[in-house]
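Reviewing the structure listed below.
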Amino acid sequence: MFPSKKPPLNDQLGSLDNLYFDFTSPPYQNVLKASDFQLEDQDYKKESPFASLRIVKDFASRSRKLKGEKIHTPNESRKLSTIERIRMAGLLFIDSSSKVDETSNPSHPFPASTSGLSDDEAKDIDLLLTLLASADKTGQRQFDEATELIELCSKTCSNEGTPVERLVYYFSEAIREKINRETGKEASGGLQRMRVFDFQKAVMSVDASILAFHKKVPLSQVCQFSAINTLLEHVRRARHIHIIDLEIRSGMQYTLMMQAIASRSEWQLKHLKITAIGTRSESKIKDTCNHLAEFAQSMNIPFSYKIVMVEDMLDFNIDLLELDRHEKVAVYSSVSLSNLIVKPNRLEHLMQEIRKINPCITIVSEVEANHTSLVFVNRFIDALFFYGALFDSISICLADDDLNRKVAESVYYDYSIRNIVAAEGDDRTIRHTGINVWRRFFDRFGMVEIELSSESLNEAKLLIDNFSCGNCCTIRADGRCLIVSWNGVPIFSVSAWKFI
């Protein structure tokens, strides 16, 4: 079952600075260390959203006690965000865990009152409680009970509902797929489709919607802005610049770079070259590079590009890059290294080749989450918080009927959630991990982390202020890197590295 019973919720809310979710019960002591990308046990307990669960005072003041007493506050009209609803559901689940075993009716597994909440908040939290219970039962391999709870979720959630309803819909379907796989009911169904589905190709094919999404939600823009600012600081005033991009996608970051170069009249740039590395979607990469060439021409920047396609990353080598000794070379990696975690020999090979290049700077932007745990419930909870934050950002920055929201959720997030929750072994290709794990990994290749400038951080904050939803997006320094969060949940990290 879920962690050991905590004190009553009303006692917990009275001690906000010491509120933690306790992953100390036996089922959570078996986090296996299968590779360098598996967090140590103490790292997981420190970084998991439930392991370090804290409820802010405004949220706590609007919460209700289990006995049903409503706590009044001058900010009664503020709605709980998606993340706050998940946190409250987590607290209630812990407090109610001992009561679940006493409840024989699966349609009312949580007897606690939800007075003091609005109707939609209470409904969402009840739905999340049912989802958490189904994940708990699945982790215990009690698949019949888990299936009953999933059916309850299906009656009240859909991919067209509220942010929480949509979130629960995708996660409950992922649990259903996992149960089918574990019980052999869908051996050639969902996960077979997952094997043949080319996620990276699908993302490239919906560029228009993804770009529109990124324009309205600040998370990616902040990462790109900080990364390019840092890169420019290390190639400043170079006459010949060569950037090796490990997965170029839309190339939006280079339009920012070109604008910055063009605005500096003292910068006598003779040539900007981008080499785009790819293993799929060559035509899309070419479209991106052609667009960048047109943009560079409009900015009077001498520009060229080269596309290096390899069937397998093991085929990549330095000789494919056409390096020039007069060039200042930089490497840019945006959420590309984590795609190779499931193929560690290829990731090792790529890093060895990059080391041979010896770039002046390597910029790495990655998802800041732990989706690598072999323990199902640990992985499930981390994913629920992470994608809960993304659904929260969509609900605030995009209208609920926005086509771009639907594309992002149904193509991008749906596959990611199903892969993280339902797949195991080599089928589980999405294995995001946090900056501390990357630090240990890069250290093996003789890389040292370079501090991002205070100017870069300040300008990133100014960019956030331009968004109406900017109060939900925050940045902070973690050592020498930048962490971009949404409503307190880390989403991305941006870091800079040099070889020694």
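If you're wondering where the values come from, they're calculated on a predicted model, not measured in any experiment.
With S226 contributing its side chain and C223 its backbone, the two residues share no donor-acceptor pair below 3.5 Å. Checked by atom type and distance alone, the side chain of W486 never pairs as donor or acceptor with a backbone atom of G388 at under 3.5 Å. N229 contributes no side-chain N or O that, together with a main-chain N or O of S456, makes up a donor-acceptor pair within less than 3.5 Å. S281 places no side-chain N or O within 3.5 Å of a backbone atom of K284 that could act as its donor or acceptor partner. When atom types are taken as modelled, the side chain of H432 and the backbone of V367 share no donor-acceptor pair closer than 3.5 angstrom. Checking side-chain atoms of Q221 against main-chain N and O of P218 turns up no donor-acceptor pair under 3.5 Å. Between the E368 side chain and the I435 main chain, a donor and an acceptor come within less than 3.5 Å of each other. No donor-acceptor pair under 3.5 Å is formed between the side chain of N159 and the backbone N or O of Y169. With hydrogens and angles disregarded, no donor-acceptor distance shorter than 3.5 Å links the side chain of T255 to the backbone of G251. The main-chain N or O of S265 is found under 3.5 Å from a side-chain atom of Q268 such that the two form a donor-acceptor pair.
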Under the side-chain contact (heavy atoms from CB on, under 4.5 Å) rule, what do L272 and M258 come out as? Steps first, then yes or no, please. CA-CA 9 Å; L272 171 63; M258 292 178 196; 4.1 Å; yes
side-chain contact (heavy atoms from CB on, under 4.5 Å) between M309 and I285: does it pass, once the steps are laid out? CA-CA 10 Å; M309 299 299 298; I285 295 175; 4.0 Å; yes
Pair F386, H371 - check ring pair (Phe, Tyr, Trp, His ring centres under 6.0 Å), show working. CA-CA 9 Å; F386 179 81; H371 299 152; 5.2 Å; yes
In sequence, state the C-alpha distance, the side-chain angles, and the governing distance for E366 and S493, and then conclude on side-chain hydrogen bond (donor to acceptor under 3.5 Å, both in side chains). CA-CA 5 Å; E366 276 294 345; S493 66; over 6 Å; no
Stepwise, does the side-chain contact (heavy atoms from CB on, under 4.5 Å) test hold for Y387 with I420? CA-CA 11 Å; Y387 287 99; I420 293 169; 3.8 Å; yes
Can you list the steps and then say if D478 with R476 is a salt bridge (Lys or Arg N to Asp or Glu O under 4.0 Å)? CA-CA 6 Å; D478 182 309; R476 63 177 175 85; 3.7 Å; yes
Run the side-chain contact (heavy atoms from CB on, under 4.5 Å) test on I175 and L131 for me, step by step, so that the C-alpha distance in whole Å, both residues' side-chain angles and the decisive distance to 0.1 Å come before the verdict. CA-CA 9 Å; I175 292 178; L131 179 69; 4.0 Å; yes
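Closest heavy-atom contact between V494 and C481: O-CB, 3.3 Å. A pairwise comparison of heavy atoms in F303 and A296 identifies CB-CB, 3.5 Å as the closest pair. When all heavy atoms of R428 and V342 are compared, the pair lying nearest together is O-CG2, 3.7 Å. Here the shortest heavy-atom pairing between L219 and S485 reads CD2-O, 4.1 Å. Nearest heavy-atom pair across S336 and S333 is OG-OG, 2.6 Å. Of all non-hydrogen atoms in S373 and R379, the two that sit nearest each other are O-NH1, 2.8 Å.
Each of K498, R440, R439, R480 was checked for a salt bridge (Lys or Arg N to Asp or Glu O under 4.0 Å) with E449, and the lone residue meeting it is R439. With D245 as the fixed residue, the side chain to side chain donor-acceptor pair (under 3.5 Å) test singles out one of Y305, Y332, Y254: Y254. Exactly one of L337, V437, T362 qualifies for a side-chain contact (heavy atoms from CB on, under 4.5 Å) with F442. That residue is L337.
Inter-residue side-chain proximity for D315 and L320 is flagged as unmet; no heavy-atom pair is nearer than 4.5 Å. Counting heavy atoms from C-beta outward, L128 and F171 have side chains that stay 4.5 Å or more apart. In this structure the side chain of L231 reaches within 4.5 angstrom of the side chain of M257, judged on heavy atoms. The shortest side-chain heavy-atom distance between L321 and I277 falls under the 4.5 Å cut-off. Counting heavy atoms from C-beta outward, I430 and Y415 have side chains that approach closer than 4.5 Å. Within the 4.5 Å cutoff, the side chain of E409 has heavy atoms near those of the I394 side chain. The closest side-chain heavy-atom distance from T82 to T162 is not below 4.5 Å. At a threshold of 4.5 Å between non-hydrogen side-chain atoms, the residues V421 and F376 count as touching.
To the nearest 0.5 Å, atom CD1 of residue I363 and atom CG of residue L452 are 7.0 Å apart. The line from OG of S250 to NE2 of H291 is 8.0 Å long, rounded to the nearest 0.5 Å. To the nearest 0.5 Å, atom SG of residue C473 and atom CG of residue L463 are 8.5 Å apart. Distance check, rounded to the nearest 0.5 Å: OG1 of T288 to CD1 of I307 gives 8.5 Å. Residue R346 holds its CZ atom at 10.5 Å from OG1 of T279, rounded to the nearest 0.5 Å. Separating the CG atom in L482 from the CG atom in L457 is a distance of 5.5 Å, to the nearest 0.5 Å.
Counting only residues at least two apart or on different chains, no ring pair (Phe, Tyr, Trp, His ring centres under 6.0 Å) pair has a member in residues 215-252.
Using a 4.0 Å cut-off between charged side-chain N and carboxylate O, E353 and K356 make a salt bridge. Note on R249 versus E247: salt bridge recorded, some NZ/NE/NH1/NH2 to OD/OE distance being below 4.0 Å. Between E121 and K79 no salt bridge is recorded (no basic side-chain N to carboxylate O distance below 4.0 Å). Between E173 and R418 there is no salt bridge, since no side-chain N of the basic residue sits under 4.0 Å from a carboxylate O of the acidic one.
Remark: Q352 CD is packed, more than 12 non-hydrogen atoms of other residues, nucleotides or ligands lying under 6.0 Å away. Atom NZ of K286 has 12 or fewer neighbouring heavy atoms from other residues, nucleotides or ligands inside a 6.0 Å radius. Counted within 6.0 Å of CG on D426, heavy atoms from surrounding residues, nucleotides or ligands total 12 or fewer; the atom is thus considered open. Around the CD atom of Q259, the shell of radius 6.0 Å holds more than 12 heavy atoms that belong to other residues, nucleotides or ligands.
Under the 3.5 Å distance criterion, with hydrogens and angles disregarded, no donor-acceptor pair is assigned to the side chains of D414 and S416. A donor-acceptor contact under 3.5 angstrom links the side chains of H271 and S304, judged on distance only.
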